[in-house]
Chemist: 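To start, I am sharing the structure in question, which I have written as structure tokens.
Convention: sequence-line order gives letters A, B, ...; per-chain numbering from 1. The figures here come from the full heavy-atom set of this structure, side chains too, leaving out hydrogens, waters and symmetry mates.
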Amino acid sequence: MLVDRKDNSGSESEPLLQMKGLRIEGLSESGWQEIVCGINLELKRGEILGLIGESGAGKSTIGLAAMGYARDGCRIFEGEIIFDGIELRSASESQKRQLRGTRIAYVAQSAAAAFNPAHRLLDQYVEGPVAHGMLSLERAKEKGRALYRSLDLPDPDNIGERWPHQVSGGQLQRMMVAMAMSCEPDLIIFDEPTTALDVTTQIEVLKTIKEIVVDRNVAAIYVTHDLAVVAQMADHLMVLRHGKLVEVNSTGQILKSPQQEYTRNLLGARSRDEKTPTQIPNPQTLLSIDSVTAGYGKGPDILQDISILVERGQTVAVVGESGSGKSTLARVITGLLPTRSGGVSFQGELLPAALNQRQKQQLQKVQMIYQLPDVALNPRQRVRDVIGRPLSFYLGLKGKEKESRIKELLRQIELPENFIDRFPDELSGGEKQRICIARALAAEPELIICDEVTSALDSIVAKAILNLLQRLQNELGLTYLFISHDLDTVASIADQVVVLYAGRIAEQGPKSAVFQPPFHPYTRLLLSSVPEMRQGWLEETLSSRETQAGIAREVKITEKGCPFVERCPVSIEDTCAHARPPIQTTASSGHTFACQHSAKVLLEESEQ
Amino acid sequence: MKHILKIVAQRIALGFLTLFAISLIITFGVELLPGDLAQAILGQAATPDAVRVFRIELGLDKPAYLRYLDWLGGMATGDMGVSLSNKRQISELVGIRLSNTLFLGGFAALVAIPLALALGILAALYRNSLFDRSINLVTVTSISFPEFFIAYVLILFFAVKLGWFPGISNISTELSLGDKLYRTLLPAATLTLVCVAHMMRMTRASIINLLSSPYIEMARLKGIKPMRIILRHALPNALAPIVNVIALNLAYLVVGVVIVEVVFVYPGLGQLLVDSVSKRDVPVVQACSMIFASVYILLNLFADIISIVTNPRLLYPR
Amino acid sequence: MNNFFKILLSAPFSAKVGMIIITFYLVVAIFAPLIAPYGEYYLATPIAYEVWSSDYWLGTDNLGRDMLSRLIYGARNTLGLALTITILAFLLGGILGMTAAALGGWVDQLLSRVNDVFMAIPSLIFALLILSIFGTSIPYLIGTIVILDATRVFRIARATAMNVAVMDYVEVARLRGEKLGWVIRREILPNIAAPLLAEFGLRFCFVFLFLSALSFLGLGIQPPTADWGSMVRESSTLIAYGDITPLIPAAAIAVLTVAVNFVVDWMLHRSSGLKDVS
């Protein structure tokens, strides 16, 4: 329940938090280096300031500095930090300790890591107020349960008795927000609180944060790299880069008329570039996934009856959140996980289910690029070995021929030739990912599976990688199977889209058809959960019916019936829980979805 | 609740399986000797008659599995056979020695464990301080010295030069507790020195590891006092690794005891074992080995079970 | 190569001292016949336990042999044996450990279970058992200690290899169709070399101390071969007279072990990459 913001303008002219000339340095292998270089900041009571930037911008460090805290390996060596008249750098440890948790609170990125696995959740909630002598134990517990109730957590009276590992990610994050509120602080620092969550889970946490901050007139610093998210939450935005200020202004101004080029780049990277679908004259089926069902060990079926056709020269995007089975799909296609029924065919030939039964040529034709370039490259191998191995292994290249081909590939991925002797730790994240792409290209494949290849990269770098992939597809006629959870990325690169939910295909078809009504109810929830870069989007979405039905529920894999039934606003009692949803078609060719309702009915629903 | 009982039961079963496997190795190790055991041991005295008698004594005339079952049954009821060298009941020999060894081991453990834990925790808290660095130096040297070196150094200073404690620890049941403690002080001190060094280092390492956990930082950001953070946040999670360290070191003590008993001529099980090995008194060696191995395995089992039952993830699964 | 020497020079004082000591021992062990004033078994005088003099720098032992020479030859014998055993144990445990990590599945289960059983036996007890049955000949000694030590090496090789085996770059190699041997040699091994090297140092210390303990008990290297453990045993009665002679071979053992530990400590500290900010 979102209440209108209280008017703050005249009451307190003195800012709650001020930072002047803040400088922080961090210890690395090559000595002390400045990570925050002279930041000035002002925050009034009840205001929300967004700190936005890419990795290495120093935003988390600044957020922690607001509490007078520096991580191990960092130290604040210059500047003033004034909280409500108290200068924090010169304050004693004891003074700082009294402020932390009581007047300034912190919400970490990963709730699973921040909660102590050895204590119950409610006990950790009451620790703050009780240890600081603000409330009695009983009173604190009562308040905690009341807070859980007002945040719409399930079973609010008893959920506090659970252990952190027993609660889902979204709920845990909300309980961490609740814990931050336990002493009713004046300022809360949110450090990337929703970065690790799915979009449909993210919404419930954003709702919680906004309610708490607005209702109780708490000031907040919101640290994130996601412009669309912070646009929903903050009054003012501070754009940071490499520890320096780029631009600071009200949110509206930054979104409408950014002054600096870097800010414009950030906005541009996040905006959705719809790709015009490529037209293929003679469509040729390259990969065919036929009624595949698969699972691990003796466990349940992770994938159920999946059928996908990938045509040559196209990009088929597989969209899903956690629990959808998309990573399992990649493993089935590459042969790391055998199917329980159904099969995978490549160029008309059925591929042997297990990796070790496949021929070298079959392996060569399908290459994969991974999400984390740090882990996908052997730290002890130089670029020439990484790219050179597939060249010698598959194509038998040697000596000068091999060397020149490596250089050619480096040019194709837009890296200088002298990178050939570098080690991975001498490369940036984006450069490492390009090397991974070159490694895949070296094998001269027909199909490349991209498994969340841009999810771990900063948005500007990610955009560059997507552009590269698109260019390579145009030049070399490559086919991509693009797995992602990020709809904006998918929109900019896909021709066909497959939406996975709980191991089943909810909807699939040409991108334009899938992203327009009529929608499968899950697709609709998914699309409406993606933050748009305008203020007020959050409030709109939360009031819509599908969001209210769909958020704050877990993904359940079911044997019979529709797995989405508990979160669906249009589910039919009994039928949807027991009967498998049939495949429906729409007016667009090749567009199908699995639902009890027909396309016509859903179209009417979406117009409401 | 059921889930965790199952895990514990599995672990206990594994422990017994290991004991079983070791008992097999101990009894049938003898089989592996190329040639004949009787010949090998009797050597020059291996007349055909002597060999025959020897074989009957050792039960080598019976088929292997019968021999094993006999032996197993014997171990379970306390009849461990007869010593080859002095024809006495092994259980007699072992009984008193075992209690002496347990006394010595217990004495050392009671001093070593609290000392090691305290030093380890302090060293972890004041990491890289002068205290930590000097303790580190002392312990590195301590674990590098062979036990007999430490033993002889102690004897040299405290027994010979200063004359404070006896160099040979002869104890018997008639002595008072105080007297016993006085005579076993030097051997216990040797054991303690080595054990404290190992345990302290392992404790320090696990506490340091723990202190870098994100939830510890979170506690600091909640403004919790450092002492409370250690006691309420770190310690509950440190229980399992620390118990592990203690059990591993107690198991190590079992082995260290042997050397110390030899140096100080202490009438314990270790001394008996070594003597029997040089006399090639196989039944005694088997019995002693079985006892040592069982204690070792049981201690490890205990450590594993503690780390299972202190893990909330296992106690309360999702 | 340059990089290597830079790293060596950046070591803390204790590690540098350690490396110098180790080099010294190695030189003595290798060039023993050239350095020792008398032969290893040479009965120099009929007087046992002679005092330290200019002829016999450290006096003589219980049979009238020169202590100093015996000490020098002891370096060669004990060090040589300990090194041999450690290398063999490493090969056995290392290869099995990496294979178990790379293959996983039932192979891993089987090897790990067998390893657990062997690890559950206290080493000294097991060694004593074997020695009492087979006698104290060198091959049996080597075999026993190699098997016992290989279990510890297996465990750490497997653990570190498993950390590497779950990395995507190993999966990349497997998906390419690379054979197991290639994956172990080129993907896994280079990345576990550092912790394994540290473990080698630790294992060596353990083997070295263990051998000395066995010899001290009279069950290891047998006289007349010069060996530090048995030298302590032979001269142990002197302690009662306040003579420190028995402490000398014992100190020789201790000093080498300390030196190796200092170096290993430094290596572990480097590879763990802990940030030490006071």
Side-chain angles (χ1 to χ4, degrees), chain A residues 25-29 32 70-75 297 327 330-331 333-336 355-364 366-382 385-386 389-394 423-424 432 435-436 439-440 442-443 445 449 451-453 456, chain C residues 1-4 6-7 9-12 98-99 101-109 160-197 266 269-278:
Chain A
E25 53 184 12
L27 185 63
S28 69
E29 276 195 17
W32 288 100
R71 285 224 156 100
D72 272 343
C74 295
R75 65 175 178 215
S327 9
R331 313 198 90 217
I333 299 174
T334 51
L336 284 169
L355 179 63
N356 50 20
Q357 291 166 346
R358 295 192 183 180
Q359 308 278 3
K360 214 191 217 188
Q361 290 93 298
Q362 290 171 321
L363 294 171
Q364 182 183 355
V366 179
Q367 292 292 313
M368 190 142 121
I369 309 176
Y370 293 81
Q371 177 175 359
L372 300 167
D374 292 325
V375 166
L377 292 173
N378 188 331
R380 316 296 252 108
Q381 283 179 359
R382 293 178 203 270
D385 300 313
V386 172
R389 181 63 187 163
L391 289 176
S392 50
F393 188 76
Y394 288 129
F423 282 104
K432 281 193 269 232
I435 300 292
C436 292
R439 177 172 60 188
I449 303 174
D451 193 353
E452 303 265 18
V453 299
Chain C
M1 216 41 193
N2 255 356
N3 217 17
F4 181 65
K6 244 203 292 190
I7 297 176
L9 286 171
S10 74
M98 284 193 280
T99 313
L103 283 178
W106 65 269
V107 174
D108 180 25
Q109 286 293 318
T160 47
M162 288 217 100
N163 283 337
V164 168
V166 295
M167 296 280 168
D168 286 335
Y169 60 81
V170 174
E171 188 173 289
V172 166
R174 290 177 60 204
L175 283 180
R176 198 183 300 140
E178 302 279 9
K179 297 273 186 312
L180 181 68
W182 195 94
V183 173
I184 291 182
R185 223 180 55 238
R186 299 292 300 274
E187 304 285 354
I188 298 183
L189 195 54
N191 286 296
I192 62 174
L196 277 190
L197 207 57
W266 166 60
H269 189 82
R270 272 197 90 231
S271 66
S272 74
L274 283 170
K275 286 195 175 73
D276 288 325
V277 180
S278 31

Chemist: Counting heavy atoms not belonging to A/Q357, are there more than 12 under 6.0 Å from its CD?
Modeler: yes

Chemist: Check A/Y394 against C/L175 and note the closest heavy-atom contact, atom names and distance.
Modeler: OH-O, 4.2 Å

Chemist: Looking at C/V172 and A/A376, what are the two nearest heavy atoms and their distance?
Modeler: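 Looks like CG2-O, 4.5 Å.
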
Chemist: Roughly how far, to the nearest 0.5 Å, is the CZ atom of C/R174 from the CG atom of A/L363?
Modeler: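 Result: 12.0 Å between the selected atoms.
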
Chemist: Within the 4.5 Å heavy-atom criterion, are C/Y169 and A/V386 side-chain neighbours or not?
Modeler: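 They are not in contact (no side-chain heavy atoms under 4.5 Å apart), so the answer is no.
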
Chemist: Any idea which of A/V366, A/V375, A/L377, A/N356 has the most non-hydrogen atom pairs under 4.5 angstrom with chain C?
Modeler: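 Option with the greatest count: A/V375.
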
Chemist: Kindly write out the residues that satisfy side chain to side chain donor-acceptor pair (under 3.5 Å) with A/R380, not counting sequence neighbours, or none if the list is empty.
Modeler: none

Chemist: Taking only residues two or more places apart in sequence, or in another chain, which ones meet A/R331 in a side chain to side chain donor-acceptor pair (under 3.5 Å)?
Modeler: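 Residues passing side chain to side chain donor-acceptor pair (under 3.5 Å) with A/R331: C/E171.
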
Chemist: As an exercise, state the distance from CG of A/N378 to CD1 of C/I188, rounded to the nearest 0.5 Å.
Modeler: 10.0 Å

Chemist: Which atoms of A/Q381 come close to chain C, meaning under 4.5 Å heavy atom to heavy atom: side chain ones, backbone ones, both, or neither?
Modeler: side chain

Chemist: What part of A/R439 is in contact with chain C, defined as an atom under 4.5 angstrom from a non-hydrogen atom: side chain, backbone, both or neither?
Modeler: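 Answer is side chain: those atoms of A/R439 sit under 4.5 Å from chain C.
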
Chemist: Could you please spell out the steps behind the side chain to side chain contact (heavy atoms under 4.5 Å, CB included) verdict for C/R176 and A/R389?
Modeler: CA-CA 10 Å; C/R176 198 183 300 140; A/R389 181 63 187 163; 3.0 Å; yes

